[in-house]
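Quantities reported herein were computed from a predicted structural model and do not represent experimental measurements. Here is how names work: the chains are called A, B, and so on, in the same order as the sequence lines, proteins then strands, and each is numbered from 1. Side chains included, hydrogens not; waters and symmetry mates left out as well; all remaining heavy atoms used.
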Amino acid sequence: MDIDKARAGSRLGLSQALSLVENGLAFSTEEEGQVIGITGAPGVGKSCLVDQLAQAYARNGEKVAILAVDPSSPISGGALLGDRLRMESADLDDLVYMRSVATRGETGAVPSVVADMAAVLKECGWKRIIIETVGSGQAEFRIAAVADTIILVEAPGMGDAIQSEKAGIIELVDIIVVNKSDLEGADATAANIISALSAGSKDIPVMQVSSHTGDGVTYLVQAIDEVADSGTSRAQWRERLASQWMRRMSHHPNLDSILDELESSQINIGEAILLLEVEQ
Amino acid sequence: MATPLRIVIAKPGLDGHDRGAKVVARALRDAGHEVIYTGLRRTPEQIVRTVIDEDAQFLGLSSLSGAHAHLFPKICKLLQESDVGHVIVFGGGIIPTADKPALFEAGIKAIFGPGTSSTQINDFISTAAAKDDAGCGAESDWHWGD
Amino acid sequence: MAPADTITEQHPSGRLEHRIGCELIMGRQPSSRKEQWKTLGDLDIPANSGAQHDQEVGAPGQPPYTRGIHSSMYRSRFWTMRQYAGFSSAKATNERFKLLLDRGQSGLSVAFDLPTQLGLDADDVLCEGEVGKVGVSISCLENMRQLFDGIPMDKVSTSMTINAPAMVLLAMYIAVAEEQGVDPASLRGTIQNDILKEYIARGTHIFPPDASMRLITDIFDYCSQSVPQWNTISISGYHIREAGSTAVQEVAFTLSNALAYVEAAVESGLDIDIFGPRLSFFFNCHNDFFEEVAKFRAARALWYELINERYSPSNPKSAMLRFHTQVAGVSLTAQQPLNNIARVTIQALAAVCGGTQSLHTNSYDEAIGLPTEESATVALRTQQVIAEESGVADVVDPLGGSWYVEDLTHRLKVAAKEEIRKIEEMGGAMKGIESGYQQRCIHETAYQHQNMVESGERKIIGVNHAQMAEDEPNAGQSLDPTVGIEQSELLLKLRQSRDELKCCNSIEKISKAAKGDENLFPLVIDAVKAGASLGEVINAMKSVFGTYMAPSGF
């Protein structure tokens with residue numbers, strides 16, 4: 001892959017390199033960087049929060065890249081990528097790079113290619129990389145396959161995700177943000193989360209932020225740096241493994257023909273798995 | 001599955017009417033493309049930045065305020081200056097017949113008015129995608145509906 | 001009596017939507033246009049439908065006003081034929097206004113260009129290519145002076161289609177009136193001032209919802225004291241329908257927005273019987289003739305019901321839904337454009353049968369470009385044919401009692417009420433908008449419509465049915481491109497010649513007060529008098545309120 005243009009700082013070169021990786025080319029790098037995953041249910045204001053974070057980094061003179069994931073239609077394979085609607089900073093600041101990513105053939109909130117796309121960004125000098133996930137339940141855990149730091153976003157009046165999504169996600173989350181702190185009920189939501197967390201062993205900071213006014217964003221930026229070195233947990237390794245496993249399947253050259261054979265009952269699932277392994 | 005085309009649908013200028021832009025965006029999604037919608041009131045510079053960051057092959061511009069005559073050519077010029085003259089640009093909205101030659105001259109490859117079906121737009125997309133001289137910076141004077 | 005006005009100016013906007021304020025005539029005593037009411041074939045036309053009939057479906061002029069807000073409707077006076085028009089510069093618009101006034105017209109309708117509607121000065125870099133395009137460019141008090149130069153502001157009523165920066169434009173209007181020696185208390189007119197539909201469908205909003213509502217109630221409050229004859233809001237379903245909604249959604253979203261305004265006003269301590277009668281509405285009229293007639297009837301009855309249930313006003317006008325109508329721009333086709341005359345006629349007839357107070361008819365070539373003198377004339381003549389020749393204006397609520405119309409009216413009312421209830425469960429119109437609910441509903445309907453047209457299930461003549469090979473019609477006129485330059489020069493001069501310290505102080509007072517809850521209106525009037533431009537005042541507010549982009553509904 002000709003990545004020299006991108007390395008030299010060309011945005012277009014970077015975009016084209018990202019397309020190659022998105023279309024299946026594997027890429028890894030030794031370059032360091034921090035991948036920050038932002039997850040949470042639809043409507044909690046993830047995009048606006050990402051926009052505020054990006055602005056905060058840019059104000060500090062830091063380059064920041066955003067990968068915003070939206071689902072592909074399983075029927076047409078197309079996707080509507082509307083995250084730029086809420087990310088004004090992306091269009092304006094040279095220090096901010098923003099790319100919309102469709103999930104394409106993969107289920108899960110974060111397609112496996114995102115890890116390699118993040119690697120391209122690191123290679124080209126983008127050391128802060130924010131990934132915004134599709135906001136949808138259990139699949140959100142997959143962010144752990146890519147992100148070093150995971151921020152779970154909640155909002156007042158949106159229901160209690162900690163209760164409903166079980167303790168699993170707590171193993172993975174580094175910071176919980178109660179967004180829309182300018183709204184009524186934000187204090188109560190934060191208090192509920194803190195009391196739900198007190199039963200667990202992990203110490204997770206709960207922060208109130210308003211992505212509308214920008215209040216609290218500076219503290220969030222500090223907190224992100226403070227939790228940065230927490231290492232990779234067993235649960236994270238599990239998600240990474242699952243993600244790569246998924247990728248092996250969805251990028252397998254014979255996937256379509258294997259599915260055809262399954263559909264016409266020529267083979268069964270066990271044989272299909274063998275075929276997937278053999279062809280690697 | 002073939003790699004989807006990446007298409008930016010943008011609303012340049014101050015016009016707030018996005019019914020057409022949103023319906024077209026959704027129809028293109030349903031035709032299997034990845035559509036990036038910018039939202040309202042984007043400047044030419046922001047739109048070009050979006051096209052570059054998203055590595056889009058197509059750019060659709062919608063304007064109903066009469067500012068197309070100024071904004072569409074400006075965007076084409078900026079695309080060419082930013083080394084993305086390969087991007088294929090099409091427009092929609094209320095575009096008087098008299099304004100069309102200048103827009104084609106500037107690099108716009110198709111202009112769709114009210115009553116356009118998504119089939120027509122999709123036909124244009126697949127025809128233009130197969131050509132290697134349909135970019136807004138191409139020498140060729142080909143445009144849709146010739 | 002002749003039709004209220006005979007405006008035939010060209011429409012310099014390429015847009016399908018025309019902003020019209022609706023200046024509505026209040027409190028006129030029923031007089032009679034004719035001495036005798038006869039059909040073309042000389043049969044008598046009775047004044048009313050008879051007592052027994054009225055018992056079943058209600059009487060015109062009586063609550064819940066299903067059959068109209070006046071007992072004699074167009075027998076006393078036709079609806080106002082109010083054709084929208086816009087011009088590039090304040091001077092050009094002023095000349096046209098004077099011409100119209102010379103012709104005996106008493107009401108003016110100002111359309112502003114998009115920079116003005118978004119609170120941007122004409123020399124702002126964001127305005128390239130937009131200055132003077134869809135209306136007149138007003139950036140400073142001097143522009144407003146030019147606009148009303150030589151026009152007696154105590155004699156005319158002025159409708160201004162302005163929303164997010166309505167306070168600033170009205171402040172300029174008041175300031176110029178004072179310069180003319182006119183008492184603001186005698187000023188009459190309308191500002192659209194309906195920000196919720198901007199978030200939902202039209203897209204010229206600036207501030208976040210809370211700040212916008214505060215500006216609106218500040219206007220209600222200030223005007224109720226100092227400009228009491230001013231219609232302070234025109235709550236619009238027009239743009240909601242253009243964006244793709246159904247008739248039910250149009251009524252439901254519009255009335256639910258209206259309830260939000262009423263609630264905000266009442267909460268801020270205003271009296272429903274003071275501001276209620278100053279509320280006016282603005283609806284669309286589409287192709288489905290009977291559904292549209294039923295829509296207007298249902299909207300009137302539902303508004304009466306909602307206001308009475310919640311606020312029990314003592315002034316009957318507080319619950320009376322008065323409205324302006326514009327026919328559906330979105331129904332016009334670029335193919336076989338002359339067919340649009342037929343569409344406009346059907347739509348206009350429905351608006352009249354539905355009891356509209358004023359009406360704008362579109363020109364047949366608006367899907368192609370700017371209307372010509374000829375097409376603009378045909379649009380107005382269409383209304384005149386309906387008024388003078390069709391006979392529908394000679395009878396009150398001619399469709400009242402039709403099983404189909406009454407049934408549709410009932411079902412539209414029930415469905416709209418249910419939709420309003422749904423929005424209230426979400427926490428009201430504003431909460432719905434913030435979550436993108438109304439926008440999503442409208443986009444869904446718009447997309448379904450498109451699919452039905454493409455599948456041929458919904459036939460549109462000339463588009464997917466009865467097509468013909470035709471030459472591309474040649475339409476469109478160019479506007480004066482120098483407006484932007486002239487405006488920039490004027491603003492430069494203004495900024496050099498004004499008392500800078502005084503101006504800065506007045507702007508600072510606005511941003512300071514914006515942080516608290518003082519009424520901003522008097523401060524805005526002071527600022528525009530001190531030479532602050534539209535953009536400078538709006539920027540002072542932006543620095544406190546921030547800006548906001550409503551969810552698109554994707």
Side-chain angles (χ1 to χ4, degrees), chain A residues 5-6 10-25 47 65-94 96-106 113 117 120-121 126 250-251 255-256 259, chain B residues 1-12 16 18 21-60 75 78-87 118 121-122 125 137:
Chain A
K5 232 174 93 186
S10 154
R11 283 184 94 96
L12 181 61
L14 174 63
S15 293
Q16 290 170 339
L18 286 171
S19 293
L20 285 173
V21 170
E22 191 178 20
N23 293 337
L25 191 76
S47 298
I66 303 163
L67 299 175
V69 183
D70 276 317
S72 296
S73 156
I75 302 159
S76 73
L80 264 181
L81 308 166
D83 289 295
R84 294 193 93 94
L85 279 168
R86 290 171 294 274
M87 291 188 193
E88 292 258 328
S89 63
D91 296 338
L92 297 169
D93 201 318
D94 282 341
V96 182
Y97 179 89
M98 148 102 198
R99 175 75 169 229
S100 313
V101 183
T103 55
R104 299 205 174 161
E106 293 185 32
V113 292
M117 292 174 85
V120 172
L121 286 162
W126 298 81
S250 56
H251 287 253
L255 180 63
D256 275 335
L259 287 171
Chain B
M1 206 176 281
T3 307
L5 289 171
R6 290 173 69 84
I7 303 174
V8 171
I9 297 292
K11 291 279 310 173
D18 59 356
K22 290 196 298 196
V23 167
V24 166
R26 187 147 160 198
L28 291 171
R29 191 274 307 264
D30 289 350
H33 308 301
E34 289 179 0
V35 184
I36 297 106
Y37 178 53
T38 63
L40 301 179
R41 295 187 225 152
R42 290 306 197 257
T43 64
E45 290 78 9
Q46 284 175 311
I47 290 168
V48 170
R49 164 65 62 88
T50 298
V51 166
I52 292 171
D53 279 11
E54 299 288 354
D55 191 25
Q57 291 95 11
F58 281 83
L59 169 63
I75 291 164
L78 278 176
L79 287 169
Q80 290 162 30
E81 287 168 4
S82 312
D83 284 334
V84 280
H86 64 275
V87 172
S118 41
I121 298 175
N122 279 320
I125 299 271

Top contributor to chain B interface from [options] [non-hydrogen pairs under 4.5 Å]:
options	result
A:Gly82, A:Ala102, A:Ser100	A:Ser100
A:Asp70, A:Leu12, A:Asn23, A:Leu81	A:Leu81
A:Leu85, A:Leu255, A:Asp83	A:Leu85

key: B:Arg29: salt bridge (Lys or Arg N to Asp or Glu O under 4.0 Å) partners, not counting sequence neighbours   =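 Once residues adjacent in sequence are excluded, B:Arg29 has no partner under the salt bridge (Lys or Arg N to Asp or Glu O under 4.0 Å) criterion.
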note = Looking only at B:Gly39, B:Pro4, B:Ala25, B:Gly32, most heavy-atom pairs under 4.5 Å shared with chain A are made by B:Gly32
query = Are any side-chain N or O atoms of B:Tyr37 and backbone N or O atoms of B:Val8, one a donor and one an acceptor, separated by less than 3.5 Å?
reply = no
key: Selection residues 31-41 of chain B - residue pairs positive for salt bridge (charged side-chain N to carboxylate O under 4.0 Å, His left out), sequence neighbours left out   =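 Matches after skipping sequence neighbours: A:Arg104-B:Glu34, B:Arg6-B:Glu34.
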ask   = With respect to A:Trp126, which candidate in A:Leu121, A:Val96, A:Val120 satisfies the side chain to side chain contact (heavy atoms under 4.5 Å, CB included) definition?
value =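 One option only clears the test, and that one is A:Leu121.
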